[in-house]
Asker: 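Please see the structure below; I have some questions.
Every value quoted in this text rests on a predicted model; they were computed, and no experiment measured them.
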Amino acid sequence: MRNRILITRKILHRTLSGIFAGLLLCGLAAAEEYDPNRDDRLLSCDNIYNRGNIQGAIDCYTPLTSDQSLHVSAEASWALGKTRDANELFRRAVAEQPGNPHIRARWGRLFLSTHQPSEAVPLFEEAMQLDPDYLHAQTGLVAALLTQSGSEARQLLMELSAQHPDDIELLLLQSRLLLESRNVDAADALLDRALASAEENNVTPLDIYALKVSADLLRDNDDSEWVQKALDYSPAYGDIYFIPVHYHLINYRYVESVDLLRKAVEVQPTHWSAHSQLGVNLLRLNDIEGAKKHLEIAYTGDPYDTATVNTLRLLDTLDDFKDIETEIEYSHNGAGTAPLVMRLHKDEAKYITPYVEDLTRRAVQTFTSRYNFELEEPLIVELFPNHDDFAVRTVSTPGVGLLGVTFGYLLAMDSPSARPPGDFHWGSTLWHELAHVFTIKKSSHRMPRWFTEGVSVYEEWSTGPLRGRHLPVNVLEAIKENKLLPVADLDSGFVRPTYPNQVTVSYMQAGLICQMISRRWGHDKLPQMLVEFNNRKNTSEAVEAVLGISAQQLDRELQKYINEEFGQVISQFDEWVEIVNSVNRASQSSQWATVVALASQANEIYPEFVGTGSTWVALHDAYVALGQHDDAVVALKTWYEHGGYRPDLLHQLAHRLRDDGQTTLATEVLESINWVYPANIDLHERLGQDYFATGEYNKALREFKSLLGLNPHDKSVVYLDIARTYQQLGDTRLAKRNVLQALEQAPFFREAQDLLLELTGDSS
Amino acid sequence: MRFQLITLHLMIFLKALPVYIARLLACMIVCSATAYASTVTVVISGLGGNAEYDEQFDQHATTIAEEARRVADSQQDVILVRGDAAKKNVILSLLKNLPVSNAPEVFVLYLIGHGSIDNQQFKFNVPGPDITGQELADALNTLNAARQLVVVSSSSSGALLETLAAPNRVVITATKNAKERNAVRFTEYMVNALTDTAADLNKNESISAQELFSYAQSATENYYTREKLLAPEHARIEGELADQIEVARYGVLLEKKDDISPALLARRQALSSEIDSLKARKDDVDEDTYFDTLQELMIELADIQRSIDAGG
């Protein structure tokens with residue numbers, strides 16, 4: 001009963017921002033967060049704050065910071081934004097009252113609000129050990145766990161909601177999840193229940209208003225009535241703009257996010273998280289100076305926000321990058337050009353620029369035609385040699401496993417040197433991200449996540465620089481275990497995965513759907529679906545409109561398609577895995593005849609397996625050990641044709657092909673290494689010479705220039721090669737300039753002297 | 001064969017060392033080349049500690065001496081000290097008895113072997129008492145050559161960079177400091193630099209001390225990168241004259257050196273200096289003007305080169 005009475009006195013404010021998107025420590029920070037045992041004096045101050053009287057609230061909270069009660073003092077300090085003081089006071093309060101679950105739960109909430117959910121979790125758990133039914137701790141735990149992937153938080157939320165169906169905080173958490181999966185009507189129904197409960201219990205409804213605005217945004221209603229209601233209630237309530245930003249961001253709508261964030265900081269200039277997010281998102285729109293300004297404001301108010309700190313550090317590192325600007329020509333409905341800015345680290349730019357430019361050019365030309373869409377703004381391609389810098393660029397925190405991300409016209413990714421040689425195929429990643437630009441922009445950011453990822457994966461497989469279709473083994477396993485989601489719900493596999501690797505499984509499923517659509521109905525259906533998404537159709541509606549079938553029928557078609565494509569390996573999956581394991585064991589013990597027999601059997605079942613542990617590679621190694629070199633080359637060649645890309649093996653293959661006189665294929669294999677690990681002097685030297693010999697002078701030029709960028713020991717030879725190539729291309733001026741650069745390095749270089757005399761007509 | 005005799009001579013007649021050196025000096029004065037800097041090269045192979053290193057050091061030192069001899073005006077301008085002969089008193093006497101008056105323009109010393117640190121003092125390991133860095137410096141300071149090159153290709157050799165520093169001296173060490181104590185690979189690549197034209201970056205058919213260092217350093221780095229090993233050695237070079245000390249020569253300049261017109265060589269050298277001067281001003285000159293001027297100089301240099309190639 002006591003708990004129930006206190007709930008009616010709670011003031012709702014700003015919780016969701018703290019729970020989901022980082023609390024807004026607003027100089028003055030509302031810290032009550034559904035506190036069921038809140039001190040009356042704090043509640044009075046909360047009321048003043050929630051009505052927008054900031055100075056009044058400061059005057060109210062300040063004397064409480066020296067209150068005799070340590071936890072009241074901690075709460076007042078927290079409310080005033082003095083989180084370090086609050087932390088220390090909570091520490092002392094817990095030491096003073098170790099059996100009090102409320103203080104531990106509140107301390108956990110402080111950590112949650114300062115972007116440290118991993119610190120919050122144990123405090124909530126400790127509180128729950130003291131009182132297993134303590135709802136404030138239970139809800140805090142759910143909120144903390146929801147910041148991580150996995151299904152545990154959802155399960156807990158469902159259980160708690162069943163026990164406490166009218167708890168406003170739980171209703172809001174559920175609404176939030178429903179909105180993330182675009183289940184807007186269901187979310188709205190819960191929000192209506194929350195509103196009724198808030199009214200009945202005289203609870204501040206601001207958070208509910210903010211989610212109402214979010215629901216309206218997801219319905220493409222940019223003029224929600226709930227905005228004004230919130231501002232009438234509390235004129236400085238920046239969250240009314242800030243909280244809905246989350247739903248724009250998960251749908252790639254960065255321009256719209258920036259608009260909302262500008263409004264948030266306008267009504268609430270001390271909304272540090274809004275400043276921080278504004279900075280992060282301006283950076284995504286390539287407004288570096290604007291980003292810096294707002295991040296610095298955010299830092300002055302909340303120096304503990306890791307997103308702010310990490311992004312400011314990232315901005316410092318951008319001094320080591322250079323922008324290389326060029327134009328991409330394409331022909332589509334007449335000739336056109338698209339400006340391209342390559343933002344590359346200075347150490348890498350000299351050798352990687354030609355490849356970034358070359359692949360981007362090919363991709364823009366390909367996708368412009370395939371998706372009937374012309375780029376309308378400059379394309380910005382950023383490559384980060386430090387993975388953590390890329391991760392901060394992407395999600396403002398290091399340590400994520402992504403390879404690339406696209407923010408509309410700006411894409412960022414790991415550069416080849418961000419990972420060990422051969423660890424990832426950077427050409428495919430760039431191709432994948434460039435496909436996103438077209439799907440995102442053609443649909444005005446309205447396509448569902450599964451579709452844009454699906455198209456990108458499908459384009460990797462069908463038009464990208466890497467052969468083959470690369471389904472990881474755990475995806476095959478998921479297919480076997482019927483873990484694929486219905487297409488109408490496939491986005492949830494990306495946004496809220498419920499089992500490990502579900503994101504990867506969802507990528508592959510989406511890719512297979514797009515591949516199937518293209519093969520069964522024709523590629524044109526994919527751009528047509530983008531048009532439907534742009535017309536605000538959801539997945540089911542777009543499928544119906546373009547393919548003439550229901551989403552459920554599409555799911556059934558996918559099942560048939562998968563059976564056709566992977567039926568053999570899926571039906572024999574366990575057997576195949578056992579054979580692959582046996583091959584590896586036999587390889588380790590040098591039982592080469594066994595390896596040949598088993599690897600051949602495995603390759604028969606699933607020839608597309610070219611990743612780590614590939615049985616094609618094992619077969620190759622066995623043939624080499626047995627002295628059957630021709631068979632070894634065939635095995636390696638098949639591995640390559642299915643998309644194998646380990647640089648050392650590709651070098652071996654190219655070498656063997658050259659020995660066998662297959663020079664064209666050898667060159668093709670060598671060329672493919674560029675998309676995996678281009679920082680190899682020998683590779684560019686060999687390729688340059690090959691292309692020169694076959695008269696492919698532009699490619700030769702690209703190779704020689706990259707070679708120069710890798711700072712070879714003797715640059716004069718490379719300059720001479722470049723000069724000779726320009727000579728063949730008929731560009732005497734550049735030929736002369738480069739031969740002089742060769743001689744600048746090596747004044748007595750006879751071949752260069754001869755070419756100079758030839759070019760200047762002084763040869764005798 | 002003659003070279004080997006000289007080596008043997010050193011090994012057998014150690015006690016007659018001052019006499020030998022006097023003869024050597026007399027020869028050097030007479031045999032001094034006309035268009036090239038007179039150079040005396042001393043190569044010392046230190047104590048290996050086991051048969052493998054003994055053989056390796058000996059092979060490297062011998063190859064270095066052979067290459068030096070190909071360039072030398074006289075075979076006696078190159079002295080190889082190895083095996084039991086490479087004792088401290090022999091080496092120091094040799095260095096201290098090199099000429100003071102009528103000194104060679106260039107003096108080159110290679111120390112190939114193991115180095116160690118004892119009481120914070122570098123020691124080059126030889127049979128019997130080791131040579132300290134300071135003893136080496138004292139001996140070298142008595143020499144009157146206009147330019148000196150001292151290459152210490154040994155473990156811990158970086159410790160000598162300060163000890164041996166002098167205005168007219170270039171010092172190359174295989175390691176950056178005393179703490180890099182492993183046997184070094186630098187020597188192997190230094191030998192390659194002397195025997196492979198790839199080290200000749202400016203393609204003038206002459207390997208300078210700077211080119212020797214650049215090649216060997218780069219090749220050593222590449223070795224450790226290729227083998228995915230943490231590099232335990234980082235070579236260093238100190239001194240301003242590294243471009244002006246020749247350590248090897250090949251091609252026309254070597255094969256036809258007696259036939260080349262001194263005037264052509266002088267003009268070749270003058271043009272080379274003009275080119276260097278132009279390159280130094282590159283940032284201050286308009287790009288087109290720079291390359292136009294460079295082109296004129298390069299065309300003349302090419303013409304001269306052709307004349308030299310045609311037999312001077």
Asker: Do you know the tightest heavy-atom contact between L201(B) and A746(A)?
Answerer: O-CB, 3.0 Å
Asker: Can you tell me if CD on Q728(A) sees more than 12 non-hydrogen neighbours from other groups inside 6.0 Å?
Answerer: yes
Asker: What heavy-atom pair brings F748(A) and Q305(B) nearest, and what distance separates the two atoms?
Answerer: CD2-OE1, 3.6 Å
Asker: Which region of A219(B), side chain (C-beta onward) or backbone (N, CA, C, O), has a non-hydrogen atom less than 4.5 Å from a non-hydrogen atom of chain A, or is it both or neither?
Answerer: neither
Asker: Top residue by heavy-atom pair count (under 4.5 Å) with chain A, among A199(B), A302(B), S214(B), A198(B)?
Answerer: A302(B)
Asker: Starting at CD of Q217(B), measure out to NE2 of H713(A) and round the result to the nearest 0.5 Å.
Answerer: 9.5 Å
Asker: Would you mind reporting whether R750(A) and V252(B) have side-chain heavy atoms less than 4.5 Å apart?
Answerer: yes
Asker: If every non-hydrogen atom of M298(B) is compared with every non-hydrogen atom of L740(A), which pair is closest and at what distance?
Answerer: CG-CD2, 4.1 Å
Asker: I'd like to check D714(A) versus D200(B) (side-chain heavy atoms, cut-off strictly below 4.5 Å). Are they in contact?
Answerer: no
Asker: Does any non-hydrogen side-chain atom of L743(A) lie less than 4.5 Å from one of K203(B)?
Answerer: no
Asker: Could you please state which residues from residues 643-657 of chain A sit under 4.5 angstrom from chain B, measuring non-hydrogen atom to non-hydrogen atom, sorted by number, or 'none'?
Answerer: none
Asker: Would you give the length of the straight line joining atom NZ of K736(A) to atom CG of D292(B), rounded to the nearest 0.5 angstrom?
Answerer: 8.0 Å
Asker: Non-hydrogen atoms of chain B under 4.5 Å away: do they reach the side chain of K715(A), the backbone, both or neither?
Answerer: neither
Asker: Find the distance between NZ (K279(B)) and CD (E744(A)) and round it off to the nearest 0.5 Å.
Answerer: 6.0 Å
